[in-house]
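Protein chains get the first letters and strands the later ones, always in sequence-line order, with residue 1 at the start of each.
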There are 2 protein chains.
Amino acid sequence: MALQHAARTAYGKDRMSITIRDVADAAGVSTATVSRALRGLPHVDPETRERVRQVAAELDYVVSPSASRLASGRTGTVAVITPFIDRWFFSSVLSGISDVLQERDVDLLVFEVGDPGTNPGLPPERRLRGRVDGLIVVTLPTDAMRVADLLALGLPTSFIGTTWEGSNSVTIDDVSAGRVATQHLINLGHRHIGMISGRPRASASQAHRAQGYREAMAGAGLTPEPSLEAYGYFTVQGGEEAMTALLSQPNPPTAVFAMSDDMAFGAIRALQRHGIRPGSDIAIASIDGHELAELLDVTTVRQPVVEMGRTAAEALLARMMDEAAKPEEMMVPTTLIVRGSSVPPERTSTAGPQGRPT
Amino acid sequence: MALQHAARTAYGKDRMSITIRDVADAAGVSTATVSRALRGLPHVDPETRERVRQVAAELDYVVSPSASRLASGRTGTVAVITPFIDRWFFSSVLSGISDVLQERDVDLLVFEVGDPGTNPGLPPERRLRGRVDGLIVVTLPTDAMRVADLLALGLPTSFIGTTWEGSNSVTIDDVSAGRVATQHLINLGHRHIGMISGRPRASASQAHRAQGYREAMAGAGLTPEPSLEAYGYFTVQGGEEAMTALLSQPNPPTAVFAMSDDMAFGAIRALQRHGIRPGSDIAIASIDGHELAELLDVTTVRQPVVEMGRTAAEALLARMMDEAAKPEEMMVPTTLIVRGSSVPPERTSTAGPQGRPT
DNA sequence: ATGAAAGCGCTAACAA
DNA sequence: TTGTTAGCGCTTTCAT
């Protein structure tokens, strides 16, 4: 029954594929009608539409994306700009995004741009022109210039982890997250509380978490000591080094707030290496909700990461469909999850066991 | 100096962008010459080429991908088909792939297809036609049918984690990995060794790891006991449940080979919950080289995952450039990394401490 | 070495 | 409701 018009050889670029012409001919209509019918546009006789669909299915026709894109000016694809793809936070966000994009049949293009410091191949901005209809930017720390370039593309954009005036964004309340984690340590009875933060020139999100820490401290009448703050660069190793530094202080903290789970993991390793028991000797609380935080028994303020990806993607699609849609700044809730890494102080407060290796 | 031909308004689809025509006019040549010059094709006067380049740069011209694709039939993009994005192995592989693709200015399209069991939206095969010039398939466990569909697209393809006759592939020697991990436990003096494998209907890779386990056992004159094998589904939780099951055996193992680090992590948690010390009470060795394996002190056979992604991408690109390039089956080396989770048996062998919670 | 011209396969007015 | 007709912006013979 199927009248195969074009030959389909197995390999090579010269494989002739079925075009809208073939479908039009086989269905006895014009290509315009096929186009309308298949895309579900109005003003098509239901019968005609059905017939076209049948024929298209029989011929196993698939629209040529390049042709469709060229003619329509739409690409049906969204780019995600992310510093990393192989770290928990980012891969989780990506997964959430991928989820909703795939549901809606939108292509997902990934651009991994590395740490804000690093300079990757081309600035993505030139690589994006004409390729995508929308952008999702994942926590590009205060690299304002580059962000401005991206926005100059004039595409609908969603931010994750940062807010941006006039664009969609999905964030957690970082101030609150920092405050909650710190307050939890305070409530446990700790008064000598250190902090492992990210990097010197911080992102807004990092600054907010620090602010939350200070607010909680101030609220308890405590003064954060600069000597009890260290940078962990959001990595396990960085966290370990930061904790090691804190332990070498004359008067080490009895508790530490780490801005990310990875850094908390590193901190815990440092403790173990010093023969200090996490929790009972020195308490740790962090932010993230990393899958392995449960395993490592780390108290953390969980952020719904996959969900954040989903939400950002949905908001973006809404904006892409309807240019008039107002950009939203969405703040999603976090949850404190208390585990074994945070318990009341045991020792005679301040001076924990020091340098007792293994 | 720059003679801006087309207006560039900030937003909207009606933004007129600079086309090859503009560049041609400004440079006083034909569009064909511009095309050749910019793409580095031969038969262009060096002077002309330089002038065209200048003009293009001044005008900030960027080729329209859709137009170029339609005219040339090439898309300059590669799709990665992966069951997951947000798990260590997969996100690491993706990162490696992204790396080399970005270097070569090739777009990366990601398709997350979920567990082999699950059925995602559209079969990717129809969604891929005309969109990409090459495919990277990441460990799609024996879902042979679907793979056949993909290959029917007639595109150069690289496999990661699986071999496929006639295609590029990057794998580790799974038999060897399983054997090495098991042999290590044997060398430690263990004789009662269990195994946590993936799932019932296994992938080739899983089968090979199991084979390695059996080979090592046989080589030591040991008989693998079916009651000491459990499925962990490659997840932390699955690993925990599997270990729990093993512990409830009348005669639990003194050592366990887990096919993935995640499952080993779960197994360790199970041990902890039972008040059993990993390493000294029951030894664990696994395969992967997960970043956190160091933290958790897990002995593992490391596979160079990011590198595997890079290699697969490079092989694919080579094949895309030169159709004649022979498909290669690349096997990359693994490394046993011994850590605290595997030490010689302590107790009077077989019966470890049981059910002593916390 | 360069240019002219014919598409690539589709979409989007505009007619009918 | 459907068809006709221009393109979309490039690449690629084929001439020159």
Side-chain angles (χ1 to χ4, degrees), chain A residues 5-6 8 12-53 55-56 59-77 129-131 133, chain B residues 5-6 8 12-53 55-56 59-77 129-131 133:
Chain A
H5 165 125
R8 289 206 293 146
K13 36 186 54 166
D14 54 350
R15 159 161 99 281
M16 204 159 271
S17 69
I18 292 185
T19 75
I20 199 173
R21 244 292 35 102
D22 300 316
V23 178
D25 290 351
V29 294
S30 73
T31 61
T33 300
V34 173
S35 179
R36 291 184 198 110
L38 257 27
R39 284 184 299 152
L41 294 188
H43 309 304
V44 177
D45 187 294
E47 266 183 35
T48 312
R49 193 190 299 277
E50 193 42 43
R51 182 157 36 94
V52 170
R53 284 208 173 117
V55 173
L59 261 34
D60 196 21
Y61 166 72
V62 176
V63 258
S64 152
S66 338
S68 167
R69 286 166 186 192
L70 178 56
S72 71
R74 286 175 247 101
T75 65
T77 113
R129 278 204 247 161
R131 266 157 222 262
D133 300 332
Chain B
H5 166 124
R8 291 208 292 146
K13 37 185 53 166
D14 53 351
R15 158 161 100 278
M16 206 158 271
S17 68
I18 291 186
T19 74
I20 199 173
R21 250 275 55 91
D22 301 316
V23 179
D25 291 351
V29 295
S30 74
T31 60
T33 300
V34 173
S35 178
R36 293 185 195 108
L38 259 26
R39 282 184 301 152
L41 293 188
H43 308 304
V44 178
D45 187 292
E47 268 182 35
T48 312
R49 192 191 299 277
E50 193 43 43
R51 183 156 36 92
V52 170
R53 282 209 174 116
V55 173
L59 261 35
D60 196 22
Y61 167 72
V62 175
V63 201
S64 155
S66 335
S68 167
R69 287 166 187 193
L70 178 56
S72 71
R74 287 173 246 101
T75 64
T77 113
R129 276 203 250 163
R131 268 159 220 259
D133 300 332

Val29(A), nearest nucleotide to its side chain (from dG3(D), dT11(D), dT2(C)): dG3(D)
Ala32(A) side-chain proximity, nearest of dA1(C), dC10(C), dG3(D): dG3(D)
N/O (side chain, Ser72(B)) to phosphate O (OP1/OP2, dC8(C)) under 4.0 Å: no
Looking at dG9(D), dT2(C), dT11(C), which one has an atom nearest to any side-chain atom of Val44(B)? dT2(C)
Which nucleotide sits closest to the side chain of Ala71(A): dT12(D), dC10(D), dC10(C)? dC10(C)
Counting side-chain heavy atoms from C-beta on, which of dC10(C), dT2(C), dG9(D) comes nearest to Asp45(B)? dT2(C)
Closest to the side chain of Leu70(B), out of dC10(C), dG3(D), dG9(C), is dG9(C)
How long is the line joining CG of Asp25(A) and P of dG9(C), in whole Å? 14 Å
Just the rounded figure in Å: distance from P of dT11(D) to CG of Leu38(B). 9 Å
Gap between atoms CZ and P, on Arg129(B) and dG9(C) respectively (whole Å): 14 Å
Taking Asp25(A) for its side chain and Asp22(A) for its backbone only, find out whether a donor-acceptor pair lies under 3.5 Å. no
Nucleotide dT2(C), atom P - distance to CZ of Arg49(B) in whole Å: 9 Å
Using a cut-off of strictly less than 4.0 Å, decide whether Arg39(A) has a side-chain nitrogen or oxygen near OP1 or OP2 of dA12(C). yes
Judged by atom type as modelled, is there a donor-acceptor pair below 3.5 Å linking the side chain of Arg51(A) to the main-chain atoms of Pro46(A)? no
Would you mind classifying the nucleic acid contact of Ser66(A) as base, sugar-phosphate or nothing, using non-hydrogen atoms under 4.0 angstrom? nothing
Closer than 4.0 angstrom, basic N to acidic O: yes or no for Asp45(A) and Arg36(A)? no
Less than 4.0 Å between a side-chain N and a carboxylate O, is that true for Asp133(B) and Arg69(B)? no
Could you tell me whether the phosphate oxygens of dC10(D), OP1 or OP2, come under 4.0 Å of any side-chain nitrogen or oxygen in Thr31(B)? no
What nucleotide among dA12(C), dC10(C), dT11(D) has an atom nearest to a side-chain atom of Arg74(A)? dA12(C)
Ignoring backbone atoms, test whether Ser35(A) places a side-chain nitrogen or oxygen under 4.0 Å from the OP1 or OP2 oxygen of dT11(C). yes
Atom CZ of Arg21(B) and atom P of dG7(D): how far apart are they, to the nearest Å? 15 Å
From C-beta outward on Thr48(B), which listed nucleotide comes closest to its side chain: dA1(C), dC10(C), dC10(D)? dA1(C)
Of all the choices, dG9(C), dC10(D), dT2(D), which nucleotide is nearest to the side chain of Ser68(B) once you look at every atom? dC10(D)
So for Arg36(B) and dG3(C), does any side-chain atom that can act as donor or acceptor lie under 3.5 Å from a complementary atom in the base? yes
In whole angstroms, the gap separating C1' of dA15(D) from NE2 of His43(B) amounts to 15 Å
Contacts of Gly28(B) and Ala67(B) projected onto DNA chain C by closest heavy atom; the upstream (5') one is Gly28(B)
Atom-to-atom span, CG of Leu41(B) to C1' of dG3(C) - whole angstrom: 15 Å
Using a cut-off of strictly less than 4.0 Å, decide whether Ser30(A) has a side-chain nitrogen or oxygen near OP1 or OP2 of dG3(D). yes
What is the distance, to the nearest angstrom, from the CD1 atom on Ile20(B) to the P atom on dA4(C)? 14 Å
Specify the closest pair of heavy atoms between Leu59(A) and Ala26(A), including all atoms of both residues, with the distance to one decimal. CD2-CB, 4.2 Å
Between Ser72(A) (side chain only) and Ser68(A) (backbone N and O only), is there a donor and an acceptor less than 3.5 Å apart? yes
